[in-house]
Amino acid sequence: MSRAQARYQAIRTAQTWTERFEGGRVASPPVDQIFGSNVFGLRTMRERLPKATYTAIVSTIERGKPLAREVADIVAAAMKDWSIEQGATRFTHWFQPLTGTTAEKHDSLIVPDGQGHVLYNLSGADLIQGEPDASSFPSGGLRATFEARGYTAWDPTSPAFIVRGENSATLCIPTVFVSWTGEALDKKTPLLRSCEALNHHAQRILTLFGTSEGVSRVVTTLGCEQEYFLVDRDMYHARPDLVSCGRTVFGAKPPKGQQLEDHYFGSIPARVLAYMSEVEEELYRLGVPVKTRHNEVAPGQYEVAPLFEEANVACDHQMVLMETLRRVAPRYGFACLLHEKPFAGINGSGKHCNWSMATDTGVNLLDPRDDTHTNMQFLVFLCAVIRAVDVHADILRASIASVGNDHRLGANEAPPAIISIFLGDMLTDIINQLERGAPKRTIKGGAIDLGARTLPRIPRHSGDRNRTSPFAFTGNKFEFRAVGSSTSVSWPVTVINTIVAESLDVVATQLEKAMGKRPTEAKLLAAVGRLLKQIIKDHKRVIFNGDNYSAEWHAEAAERGLPNLATVADALPVLKLRRAVALFKKYKVLSPSELDSRLHIQLEAYIKRRQIESEEMVQIGRTMILPAALEYQRRLADTVVKTRAAGVECDADQEALESFVGLVQDFRAALSALEVANGHEDEPIKHARAIARKTFPLMEALRLATDALEGQIEHSLWPLPSYDELLSIR
């Protein structure tokens with residue numbers, strides 16, 4: 001079967017899949033009957049643990065108290081019994097190495113009893129600690145290949161869960177992953193450390209305001225909006241670039257893309273809805289509280305978002321969500337694409353991280369409440385975040401640096417690489433009042449009269465939203481919109497926690513000094529007023545409520561002195577700066593060697609991914625595109641020769657042939673240029689910069705030449721499924 005025939009077979013298969021789900025799907029079980037049914041959470045522990053043990057484990061989870069070994073033994077026994085009832089025969093320490101994915105090594109719950117039978121066993125030691133081989137995971141120089149010992153350690157704050165396969169059930173125990181030296185080899189350990197740092201300094205602020213009574217912890221909360229694409233699985237496998245790179249390295253713009261804006265929030269296709277329903281059912285069973293689903297802007301693009309949770313659990317659930325999206329897709333004939341930019345010329349995918357701070361008593365510290373100008377505690381936390389984002393904008397930008405995000409940021413669908421904050425009209429007005437003196441008013445939103453008696457008057461928010469801002473205040477939280485869709489959110493959230501902890505530390509230290517040994521409310525309010533005025537004066541440059549896409553903003557941002565780190569190669573070297581090293585060291589989030597390891601791992605990932613993409617382009621170009629182009633060129637030449645042999649003038653055909661030969665020559669030249677472009681630099685930063693500045697422009701040139709050919713070559717000869725086919729078949 002030729003590639004063209006295989007392509008058409010894939011299209012027919014896709015249409016069959018679609019027809020299969022047009023009739024609807026059997027309804028899922030009621031959510032209240034299945035939610036958390038595969039999770040060993042607090043509800044299950046309350047039912048199965050002795051009261052004293054349950055109280056002890058809750059103190060560990062909610063207050064961070066050390067876990068006694070005897071408590072772990074009892075919990076392990078109960079977890080073992082529960083997982084066996086769920087059909088599990090294996091358990092694994094589930095962790096997040098620096099690959100950006102998750103990892104697991106399955107161990108049997110079954111052990112021989114010495115009498116020809118078996119026992120089920122999970123000890124406290126098994127629960128608390130595992131020992132996977134650490135040598136084959138990226139360590140950025142923390143471990144040599146021959147230094148293999150690593151440890152996983154149970155994170156009791158994130159509940160264990162059961163993952164089911166076709167004929168298996170495995171108990172997954174969330175853990176951290178560290179080396180024999182104790183250095184973090186994962187994304188969870190620094191996240192938990194950053195949560196501790198923010199908790200400590202946030203509580204200092206609460207103590208100053210006299211609102212710390214009953215508060216044992218300040219946590220960060222997180223809700224992540226996950227965007228993704230669905231394409232037909234057979235057509236996915238007919239695109240080597242999608243398989244190896246996660247994106248299409250070639251593809252001519254289709255006549256109909258997203259220009260009619262008819263996909264966004266449109267009716268969800270039956271096949272997609274059936275897929276979404278099964279994904280949600282699996283997530284509910286795993287305790288992931290998914291809330292929304294809808295069509296996104298681009299054809300074939302969708303979104304799912306959960307409710308808010310504590311950041312650590314939310315980050316774990318984010319990894320579970322991505323794995324579930326990918327795992328369920330083949331059951332419906334789909335492939336799920338989590339890359340930030342699978343298709344050129346249409347919207348890419350992000351993962352908007354909605355971040356806030358809250359006490360364990362349920363108070364959201366970023367809730368402005370009604371008369372915001374009188375809520376000085378809120379304004380202190382707000383200004384601390386503003387200061388953090390301005391001082392450490394480059395580090396925040398580096399936290400979202402990836403190959404995929406380089407395609408997406410600033411492409412009129414996502415925020416630019418320039419980090420700024422959107423506050424909206426009401427908060428901006430209060431900030432301006434604070435800069436001049438004591439604020440006197442809070443702008444109210446009022447209500448909207450819709451002009452028909454049958455319609456209610458609806459409340460209007462005090463300010464609009466701004467989808468172009470990378471870091472936007474959206475009512476009672478900040479939305480970090482620049483995070484890429486394929487990445488783990490643990491690192492960006494770790495960075496937010498750390499920079500805000502540093503800012504809270506600075507604020508608390510200055511207020512404590514101003515209050516002296518005899519604090520009074522009057523002294524506090526005076527000190528707060530002076531401090532916030534100074535913070536606003538020093539850091540208001542990072543506040544921008546306008547169109548972040550505009551060229552005018554880029555020019556204005558440069559005048560303000562805001563960094564514009566356009567690529568991974570520009571952004572990642574920030575992590576080598578002394579102040580970055582000092583920041584993570586001071587707040588005990590990452591040691592200098594741990595931070596340096598992450599820099600090297602991310603640079604290496606960038607270099608390798610770009611090399612894979614460029615090599616894939618060359619291979620597809622040589623083995624698929626060029627043969628199709630030469631065959632079409634031969635047909636054009638045959639037409640000219642045979643027409644002239646018949647005694648008919650064919651100047652137009654001759655011109656078409658010459659024009660096409662020119663396109664083929666351009667393609668060959670671009671292909672040859674890229675083929676020899678992959679030089680090597682010993683220093684990773686130099687290598688990354690060379691790829692960004694030299695290799696990537698050659699990749700783009702080859703893409704333009706190839707896409708021009710696709711626009712000319714007979715459809716039946718083109719060896720790859722087109723954008724039309726990939727994006728239009730549901």
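Below, each value reflects all heavy atoms present in this structure, side chains not excepted, and no hydrogens, waters or symmetry copies. No experiment lies behind these values; they were computed from the predicted model shown.
- The shortest heavy-atom contact between Gln602 and Ala401 is OE1-O, 4.0 Å.
- A side-chain donor from one of Ser356 and Asn364 sits under 3.5 Å from a side-chain acceptor of the other.
- A heavy-atom distance below 4.5 Å is found between the side chains of Leu325 and Tyr275.
- In summary, Arg598 and Glu594 do not engage in a salt bridge, as defined by a charged side-chain N under 4.0 Å from a carboxylate O.
- The shortest side-chain heavy-atom distance between Asp81 and Tyr120 does not fall under the 4.5 Å cut-off.
- Side-chain contact annotation: Thr221 with Glu309, donor-acceptor N/O pair under 3.5 Å absent.
- Remark: Arg247 is not positioned above the aromatic ring of Phe343, lacking an NZ or CZ atom under 6.0 angstrom from the ring centre and at most 45 degrees off the axis.
- Rounding to the nearest 0.5 angstrom, the gap separating the CG atom in Leu337 from the CZ atom in Arg326 is 10.5 Å.
- Relative ring orientation between Tyr284 and Phe35 is described as tilted, the plane-to-plane angle lying within the 30° to 60° band.
- Annotation for Val39 and Pro159: closest pair CG1-CB, 3.6 Å, computed over non-hydrogen atoms.
- Residues Ser83 and Leu109 meet the side-chain proximity criterion, which asks for heavy atoms closer than 4.5 Å.
- The closest donor-acceptor contact from the side chain of Thr248 to the backbone of Pro342 lies under 3.5 Å.
- The nearest pair of heavy atoms linking Phe480 to Pro492 is CE2-CB, 4.2 Å.
- Atom CG of Leu273 and atom CD of Glu278 lie 12.0 Å apart (nearest 0.5 Å).
- For the pairing with Tyr302, the side-chain contact (heavy atoms from CB on, under 4.5 Å) check across Cys336, Pro269, Ser349 returns one residue only, Pro269.
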> Could you go step by step and tell me if Ser158 and Asp316 meet the side-chain hydrogen bond (donor to acceptor under 3.5 Å, both in side chains) rule?
Replying inline: CA-CA 8 Å; Ser158 186; Asp316 282 359; 2.5 Å; yes
>> Evaluate Gln226 against Ser485 for side-chain hydrogen bond (donor to acceptor under 3.5 Å, both in side chains), listing each step before the verdict.
In response: CA-CA 6 Å; Gln226 176 71 58; Ser485 55; 4.8 Å; no
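- Classification of Asp241 and Arg239 as a salt-bridged pair holds, one side-chain N sitting under 4.0 Å from a carboxylate O.
- Taking 4.0 Å as the cut-off between side-chain N and carboxylate O, Glu85 and Lys80 do not count as a salt-bridged pair.
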>> For Leu171 and Leu122: C-alpha separation, side-chain torsions, deciding distance, then whether side chain to side chain contact (heavy atoms under 4.5 Å, CB included) applies.
In response: CA-CA 11 Å; Leu171 171 65; Leu122 180 69; 4.1 Å; yes
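- Between Arg69 atom CZ and Leu67 atom CG the span is 10.0 Å, to the nearest 0.5 Å.
- What you find for Ser194 and Val589 is that their closest heavy atoms are CA-CG2, 3.8 Å.
- With hydrogens and angles ignored, the 3.5 Å screen pairs a side-chain donor or acceptor of Asn405 with a backbone N or O of Ile400.
- For the atom pair OG1 (Thr89) and CG (Asn167), the distance works out to 9.0 Å, reported to the nearest 0.5 Å.
- When atom types are taken as modelled, the side chain of His106 and the backbone of His93 share no donor-acceptor pair closer than 3.5 angstrom.
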>> As a quick check of understanding, evaluate side-chain hydrogen bond (donor to acceptor under 3.5 Å, both in side chains) for Gln301 and Asn295, giving each step before the final call.
In response: CA-CA 6 Å; Gln301 187 184 33; Asn295 290 4; over 6 Å; no
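- Asn347 places no side-chain N or O within 3.5 Å of a backbone atom of Val297 that could act as its donor or acceptor partner.
- For the pair Arg149 (side chain) and Ser179 (backbone), a donor-acceptor distance under 3.5 Å is absent.
- Contact annotation: the side chain of Glu227 approaches that of His352 to within less than 4.5 Å [non-hydrogen atoms, C-beta and beyond].
- Remark: side-chain polar atoms of Asn354 are not paired, donor with acceptor, to backbone N or O of Phe308 under 3.5 angstrom.
- The closest donor-acceptor contact from the side chain of Thr487 to the backbone of Gly484 lies under 3.5 Å.
- By the 4.5 Å heavy-atom criterion applied to side chains, Thr170 and Ile162 are not counted as neighbours.
- Using a 4.5 Å heavy-atom threshold, the side chains of Phe478 and Thr474 count as separate.
- Interatomic distance, SG of Cys224 versus CG of Leu321, reported as 9.0 Å (0.5 Å rounding).
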> Passes side chain to side chain contact (heavy atoms under 4.5 Å, CB included), Glu340 versus Ser486? Steps please.
Replying inline: CA-CA 6 Å; Glu340 285 75 12; Ser486 69; 2.8 Å; yes
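- A distance-only check finds a donor-acceptor pair linking the side chain of Thr60 to the backbone of Lys65 [under 3.5 Å].
- Taking the side chain as every heavy atom from C-beta outward, Lys187 and Ser488 approach each other to under 4.5 Å.
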>> Checking Phe95 against Phe137 for the ring pair (Phe, Tyr, Trp, His ring centres under 6.0 Å) test, could you report, in this order, the C-alpha distance in whole Å, the side-chain angles of both residues, the deciding distance, and whether it holds?
In response: CA-CA 12 Å; Phe95 57 100; Phe137 290 105; 5.6 Å; yes
>> Before you tell me yes or no, could you show the steps for Leu230 and Phe334 under side chain to side chain contact (heavy atoms under 4.5 Å, CB included), namely the whole-Å CA-CA distance, both residues' side-chain angles and the distance that decides it to 0.1 Å?
In response: CA-CA 6 Å; Leu230 293 175; Phe334 285 128; 4.0 Å; yes
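- At least one donor-acceptor pair closer than 3.5 Å links the side chain of Gln203 to the backbone N or O of Ser216.
- Using a 3.5 Å distance cut-off with no hydrogens or angles, the side chains of Asn497 and Thr494 do not pair a donor with an acceptor.
- Ionic pairing of Glu303 and Arg293 is not present here: no N-O contact between side-chain nitrogen and carboxylate oxygen is shorter than 4.0 angstrom.
- For Ser37 (side chain) and Gln33 (main-chain N/O), no donor-acceptor pair under 3.5 Å exists by modelled atom type.
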>> Test side-chain hydrogen bond (donor to acceptor under 3.5 Å, both in side chains) on Thr157 and Asn312; report intermediate values, then the result.
In response: CA-CA 8 Å; Thr157 65; Asn312 178 42; 2.8 Å; yes
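- Between Val176 and Thr152, every side-chain heavy-atom pair lies at or beyond the 4.5 Å cut-off.
- Comment: Arg217 engages Glu310 in a salt bridge, judged by a side-chain N to carboxylate O separation of less than 4.0 angstrom.
- When every heavy atom of Lys351 is checked against every heavy atom of Gln318, the shortest pair comes out as NZ-OE1, 2.8 Å.
- Distance check: Glu70 CD to Thr53 OG1 gives 9.0 Å after rounding to the nearest 0.5 Å.
- A side-chain contact (heavy atoms from CB on, under 4.5 Å) with Ile173 is found for one member of Trp94, Phe91, Phe40 and no other, namely Phe91.
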>> What verdict does the salt bridge (Lys or Arg N to Asp or Glu O under 4.0 Å) test give for Arg327 and Glu282, after you've listed the backbone C-alpha separation in whole Å, the side-chain angles of each residue and the deciding distance to 0.1 Å?
In response: CA-CA 11 Å; Arg327 188 178 68 251; Glu282 290 211 7; 2.4 Å; yes
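- Taking every heavy atom of both residues into account, Val71 and Ala56 meet most closely at CG2-CB, 3.9 Å.
- Relative ring orientation between His294 and Phe265 is described as perpendicular, the plane-to-plane angle rising above 60° on a 0-90° scale split at 30° and 60°.
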